[in-house]
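Some notes on the structure that comes next.
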Amino acid sequence: MSDNQTQPQLIDRFGRKVTYVRMSITDRCDFRCVYCMDEEMTFMPREKLLTLEEIVFLLRAFCELGVEKVRITGGEPLVRRNVDWLFNELGQLKSTTSLKELTLTTNGSQLPKYAESMVAAGVDRINISLDSLNPKRFKELTRTGELSTVLAGIDAAKKAGFKRIKLNAVIMKGRNDDEIIDLARFAIEQGLDISYIEEMPLGQVSHDRNESFCSSDEVLAKLQTEFELHASTSSTGGPSRYYQIAGTNSKVGFISPHSHNFCESCNRVRMTTEGRLLLCLGQEHSVDLRDVIRRYPGDSERLKQAIIESMDIKPEGHDFNIKEQPVIFRHMSVTGG
Ligand code: SAM
Ligand code: SF4
């Protein structure tokens, strides 16, 4: 690797280095979680999606500009056809670019099929969504998901040997807030970490998000009635706070996108399914990189220049407000969670 590749070159107007890209590779999903999608969804026409080859081309450019961490998400990334080819290609970027960590966020349904090949391809860590341990409720929350399949996926992931597995739970009042402690107990038993996520106002869904909103502070207070939590100093440069659960191997995290205090250390950008670079999850500032890729096929210098120039429009902070929903009309499945 040349020195050039190890020097971060993506620095915005506020001096923040961008070293982390999250990329949604499909807006499709086999689940229809109530906080994420409508029951009836119209998905993007296939020609609008970046092809797998375009995704590799794009992420290689980022990783040659100093990006060290890539997270693949969706929609459900593992329902995209030939996704194993994509991960093999991305895994190789770890030996040719500044990429250090390849990660995946999944609903777990396809892990019995893919867990082993993901580890073989070089996926270091994965996040698996799990909002309930009650099969009937799991079905209500995901509309089309089966708890048993996801539990089998978690098992497969543990056997496959990822460096770390984290569960993600979106907590909603009156829907699953009575499972906060049970979900933590499950994570501890399985030797996994767990993050609790505040519901974000992304896209129109069928319930009133004001009524279901459960703050991280409320979740933390509930956990403290049962567990001793020690604040961890580790920071991801994102909207997460972490605690070690005393006497266990598990950490608990809180993802609180409503709080503004992480914006100043933000190190990330997002890529949408159709190749739009979003400089901030809560703002519409974006650059159409698909246009650059399709207009100048194979011209990675031009693509890198467009990425470097985009740093000038990364905003200082986001602007979520749960009371004015939806703030942003994009669904999470398009921007990637
Ligand atoms: N399908 C995969 C999954 O469910 O893990 C990856 C994509 S999903 C959009 C990524 C994460 O975003 C999941 O943990 C999901 O629970 C979370 N999510 C989706 N919609 C959300 C919302 N409106 N507010 C907060 N989290 C949300
Ligand atoms: Fe699918 Fe993930 Fe959205 Fe649930 S949260 S509908 S699993 S993309």
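Just so you know, these numbers use all the heavy atoms, side chains as well, and skip hydrogens, waters and symmetry mates. Everything numeric in this text was worked out from a predicted model, so none of it was measured. Just so you know, ligand 1 is whichever comes first in the structure, and atom 1 is the first atom listed for that ligand.
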Check your understanding: So, for Phe87 and Tyr114, is the gap between ring centers shorter than 6.0 Å?
Key ->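 Distance test on ring centres: not under 6.0 Å, no.
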Using distance alone, decide if ligand 1 has a nitrogen or oxygen within less than 3.5 Å of any nitrogen or oxygen in [X].
{"X": "Thr105", "result": "no"}
{"X": "Ile197", "result": "no"}
{"X": "Thr106", "result": "yes"}
{"X": "Ser129", "result": "yes"}
{"X": "Glu76", "result": "yes"}
{"X": "Gly75", "result": "yes"}

[X]: numbered ligand 1 atoms lying under 4.0 Å from its heavy atoms:
{"X": "Met200", "answer": "22 (C), 23 (N), 24 (N), 25 (C)"}
{"X": "Glu199", "answer": "24 (N), 25 (C)"}
{"X": "Gly74", "answer": "7 (C), 9 (C)"}
{"X": "Thr73", "answer": "6 (C), 7 (C)"}
{"X": "Cys36", "answer": "19 (C), 20 (N)"}

Review point. Only one of Leu50, Thr273, Leu49 forms a side-chain contact (heavy atoms from CB on, under 4.5 Å) with Ile55, so which one is it?
Key: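 Output: one option passes, namely Leu50.
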Carboxylate-amine/guanidinium contact [X] [Y], below 4.0 Å:
{"X": "Lys304", "Y": "Glu64", "result": "yes"}
{"X": "Arg185", "Y": "Glu226", "result": "yes"}
{"X": "Lys163", "Y": "Asp124", "result": "yes"}

Check your understanding: Of Lys251, Gln244, Arg164, which meets side-chain hydrogen bond (donor to acceptor under 3.5 Å, both in side chains) against Asp193?
Key ->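 Filter result, single survivor: Arg164.
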Review point. Measuring to atom 3 (Fe) of ligand 2, does Cys36 have an N/O/S atom at a distance below 2.8 Å?
Key: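 So Cys36 counts as coordinating atom 3 (Fe) of ligand 2, yes.
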Practice item. Enumerate the residue pairs fulfilling side chain to side chain donor-acceptor pair (under 3.5 Å) with a member in residues 148-158, sequence neighbours excluded, ordered by first and then second residue. Key: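 Pairs touching residues 148-158 that pass the test: Lys158-Gln190.
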Point to revise | Close approach of Gly74 to ligand 2, heavy atoms, under 4.0 angstrom | key: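 Outside the 4.0 Å threshold, so no.
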Practice item. Output every pair passing salt bridge (Lys or Arg N to Asp or Glu O under 4.0 Å) with a member in residues 98-123, not counting sequence neighbours, ordered by first then second residue. Key: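 As it turns out, the salt bridge (Lys or Arg N to Asp or Glu O under 4.0 Å) pairs with a partner in residues 98-123, which skip direct neighbours, are Glu68-Lys100, Lys69-Glu101, Glu101-Arg125.
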Check your understanding: Which atoms of ligand 2 sit under 4.0 Å from any heavy atom of Cys33?
Key ->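 What qualifies from ligand 2 is 4 (Fe), 5 (S), 6 (S), 7 (S).
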Review point. Numbering the atoms of ligand 2 from 1, which are under 4.0 Å from a heavy atom of Gly75?
Key: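 What qualifies from ligand 2 is 8 (S).
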Review point. With under 30° as parallel and over 60° as perpendicular, where do the rings of Phe31 and Phe138 fit, or are they tilted in between?
Key: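 Phe31 vs Phe138 ring planes: perpendicular.
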Review point. What heavy-atom pair brings Ala184 and Ile194 nearest, and what distance separates the two atoms?
Key: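 Closest approach of Ala184 to Ile194, heavy atoms only: N-CD1, 4.2 Å.
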